[in-house]
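Note that the structure is predicted; figures quoted are calculated from it, not measured.
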Amino acid sequence: MTQFEETGPRTPVVEPTRVDKVHPRAKMGKSIRVTITLIVTFIMIIPVLVMIMTAFKSRADIVTPPPKVFFNPTLEGFLYLFTDRSIQSPSNLEIERAKSEELGYWDKLALSVGQKINGPSDYVGRLKNSVIIAGTSTILSVVLGLFTAYAFSRFKIVGKDDLLFFILSTRMLPGVVVTIPLFLLYKQLGWNDTYIGMIILYTVFNLSFSVWLLMGFLDEIPVEYEEAALVDGYTRMQAFFKIVLPQAVTGIAATTVFCLIFAWNEYAFALMLTSEKARTAPPSIATMLGSGGLEWSAIAAGSLGFLIPVAIVTFVLRDYLLRGVTFGAVRK
Amino acid sequence: MTASTSQLKRTAVKPRQRHLSSRGLVYLFIWPTLLLLIAMNVFPLFYSLYLGFTDYSAIARQAPEWVGFQNFANILNDKNLWQYFATTGRYALMTVTLQTLVGFGLAMLVHEKFKGSGILTTLILIPMMISPVVVGLFWKLMYNPTFGFFNALLGFSDPSKSPDWLASRFAGQPMPGLALWAVVISDVWMWAPFVMLLVLSGLKAIPDYLYEAAAIDRASSWFQFWRITLPQVAPLLLIAILFRTIEAFKSFDLVMGMTGGGPGVQTELISVDLYRIAFLGQFRTGPASALAYIILIIIIAISNLYIKYLNKSKGEG
């Protein structure tokens, strides 16, 4: 009986495929979709491209309509951002030009726009403040958050859900509600416009987030590993440091970076609780508007400085981004 | 239960004193965090409730004086504040609706993988990681009527005949609402990727066999979208919507960077006004605290809704 001929594909099908996906119409639909995606993505990142372009434009190129896409790149924006300059009289300029041979790159650049560098701008100090405050507070909130998250993840705690909700709810408060009393409290303590005040504030600001996010990561580490270690005579602390910590490294790293970004980008608290000594970069970029005309290239250069680290981080953390922006509440 | 087991262990290992009992460890691990949160969040919360009933000003040298419900009554009778609340509500409605639509669309586009879809997704996600105040400032440059890119991209070439977004003027004529739209557009640009991210995770969780079954039954893609995709993504979409609504009511940085509430009071969101009352001019701390409390109550109402849906979706998943 040979009526049952073999009718399947000649070559074995090795990967799962669906009829409705290899149909010509579906294939055409896919190429249309890819094209649309490309166009939409391009539209979405136009502002980012404009930011990058503007950072390298000269002042004249920025303010001449219509906006230019092609231009001579210059580092003027960064000069305006990082240095404090004074406008020179023509006679002074001549003198300066005469000895321009021995000047460095930035001095020459300043000279070409008729100015002389007096020293670093306020922004340099504020970047330093940002690094110190964001860095220290991030370390503190991750360390504290790690211990708390571990306790919540591994032990039976009375009123656990309520406590966790309390921790989460602190982030639901609008910043301004907390700021007014904190402003008064800090005034009593002499903490307004100090590193310690801002570091503690940002630590607490990130703490609820770090607890929730780390708890999600810790929950995924099987508890059996520690139980085995405890049976083998490890103490809780030893088990925590030798068994749990190494496995939680990725989660800790992701949490650290998210906390860092939040602290680094924070604007409202910094605006209200700092003025000079401990002012961070974001409110400082904003005030660059107020002092001496609109220095757009400086603003764009400053924005670019914020953009680059963030773009790298977005790429590195893309798998954790979802957890990061939803407090670890959504894990898939 | 933990107490009893640790008790057992302690008796079992009696010669060598354990460094810390589990219970002690738990307290050691949890209390620093809780104390910090109480000191920096709970205390201020009650303190500002108290201040809300006083006429205190942070720069005056007078002690706070109890005025009862005066501040709350003033706020509820203040037509301007009602207007700012209305503006905030409109802003929330506009941004959240648009973000949901755009974010959902983006997610549908990049959901099925193709060559380079990963890098495109990453590029789309960049806006929401930038500091909101920087975004606000930067869009201010984009919206500039003479040399900004926004009008040029929309096809307006003559500055005198094109919209001046942040001044709410079109071709020299006042056009109220334009500034609010400008803020909404930048906010949508910044946060639509957030909705996309959540929807994407929802889309990934939909089992393939649902679509396979639908394909076998020759269901149209339209039908598949309404009967499979949307209901399956709905819980996460709701989370995204509620999250964004809460944030919209708290919105401060972006508006401050872009318009500072102007022109006039057209983009004066309630948080911006709160900042003005509390920290500019006379530092009217008492009234500001009262207003802050009213905002807080609104946000708590929304958060409760959020938590409810979160639990529900967790229960299902």
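If you measure heavy-atom distances from B/I216 to chain A, you find no contacts under 4.5 Å at all. Residue B/W139 touches chain A through its side chain alone, counting heavy-atom pairs closer than 4.5 Å. Using a 4.5 Å cut-off between heavy atoms, B/I30 contacts chain A through both its backbone and its side chain. Contact annotation for A/L163: only side-chain heavy atoms (C-beta onward) come within less than 4.5 Å of a heavy atom of chain B. In this structure, chain A has no heavy atom under 4.5 Å from any part of B/Y50. Contact of A/S141 with chain B is not made at all, since no heavy-atom distance falls under 4.5 Å. For B/M128, the part lying under 4.5 angstrom from a heavy atom of chain A is the side chain only. At a 4.5 Å heavy-atom cutoff, the contact between A/L144 and chain B is made by backbone and side-chain atoms alike. With a 4.5 Å cut-off on non-hydrogen atoms, A/F306 touches chain B through its side chain but not through its backbone. For A/I157, the part lying under 4.5 angstrom from a heavy atom of chain B is the side chain only. Of the two parts of A/I46, only the side chain, counted from C-beta on, holds a non-hydrogen atom closer than 4.5 Å to a non-hydrogen atom of chain B. Interface remark: A/F262 contributes no atoms to any contact with chain B (heavy atom separation under 4.5 Å). Both the backbone and the side chain of A/V178 have a heavy atom closer than 4.5 Å to some heavy atom of chain B. Looking at A/F258, only its side chain comes within 4.5 Å of chain B, counting heavy atoms on both sides. For chain A, the nearby parts of B/L141 are the backbone and the side chain; heavy atoms of each come within less than 4.5 Å. Using a 4.5 Å cut-off between heavy atoms, A/F165 touches chain B through its side chain atoms alone. For B/M129, the parts lying under 4.5 angstrom from a heavy atom of chain A are both the backbone and the side chain. Of the atoms belonging to B/A288, heavy atoms from both backbone and side chain fall under 4.5 Å from chain A. Heavy atoms closer than 4.5 Å to chain A are found nowhere in B/L291, neither backbone nor side chain. If you measure heavy-atom distances from B/F194 to chain A, the contacts under 4.5 Å come from the side chain alone.
A salt bridge links A/E226 to A/R154: one of the charged nitrogens lies within less than 4.0 Å of a carboxylate oxygen.
In this structure, the salt bridge (Lys or Arg N to Asp or Glu O under 4.0 Å) partners of B/E247, at least two apart in sequence or on a different chain, are B/K250. By the salt bridge (Lys or Arg N to Asp or Glu O under 4.0 Å) test, A/R33 pairs with no residue at all, sequence neighbours left out.
With contacts defined as side-chain heavy-atom distances shorter than 4.5 Å, the pair A/M215/A/S153 qualifies. You'll find the side chain of B/F149 reaches within 4.5 Å of the side chain of A/M53, heavy atoms only. Side-chain contact check for B/F29 versus A/L146: every heavy-atom pair is 4.5 Å or farther apart. The closest side-chain heavy-atom distance from B/M196 to B/L109 is not below 4.5 Å.
Contact count versus chain A (heavy atoms, under 4.5 Å) is highest, among B/F150, B/Y27, B/Y56, for B/Y56. With chain A as partner, the option from B/F43, B/F249, B/F279, B/Y47 having the largest number of non-hydrogen pairs under 4.5 angstrom is B/F279. Of the listed residues (A/V211, A/I261, A/L185), the one with the most heavy-atom contacts under 4.5 Å to chain B is A/L185. Your options are B/I300, B/N41, B/V110, and the one with the most heavy-atom pairs under 4.5 Å with chain A is B/N41. Highest contact tally toward chain A, considering only B/V133, B/T122, B/V42, is held by B/V133 [criterion: heavy-atom pairs under 4.5 Å]. No other option in B/L200, B/L120, B/V134 has as many heavy-atom pairs under 4.5 Å with chain A as B/L120. Options A/Y150, A/F183, A/F240 differ in how many heavy-atom pairs under 4.5 Å they form with chain B, and the most are formed by A/F183. The candidate with the highest count of non-hydrogen atom pairs below 4.5 Å against chain B, out of A/L184, A/V48, A/I167, A/I45, is A/L184.
In this model, no donor atom of one side chain and acceptor atom of the other lie less than 3.5 Å apart for B/S48 and B/S289. Checking B/N144 against B/T146 by side-chain atom types alone, a donor-acceptor pair falls below 3.5 Å. Side chains of A/E266 and A/Y202: a donor-acceptor N/O pair is present below 3.5 angstrom, by distance only.
Counting non-hydrogen atoms of other residues, nucleotides and ligands closer than 6.0 Å to CZ of A/F42 gives a total of 12 or fewer. Heavy atoms of other residues, nucleotides or ligands lying less than 6.0 angstrom from CZ of A/F315 number 12 at most.
The two residues A/S130 and A/A281 make their nearest non-hydrogen contact at OG-N, 3.0 Å. Smallest separation of non-hydrogen atoms from B/S251 and B/S271: O-OG, 3.3 Å. Here the shortest heavy-atom pairing between B/P44 and A/P181 reads O-CG, 3.1 Å.
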query: What do the steps show when you test A/T148 against B/T33 for side chain to side chain donor-acceptor pair (under 3.5 Å), and what is the final call?
result: CA-CA 7 Å; A/T148 311; B/T33 297; 2.4 Å; yes
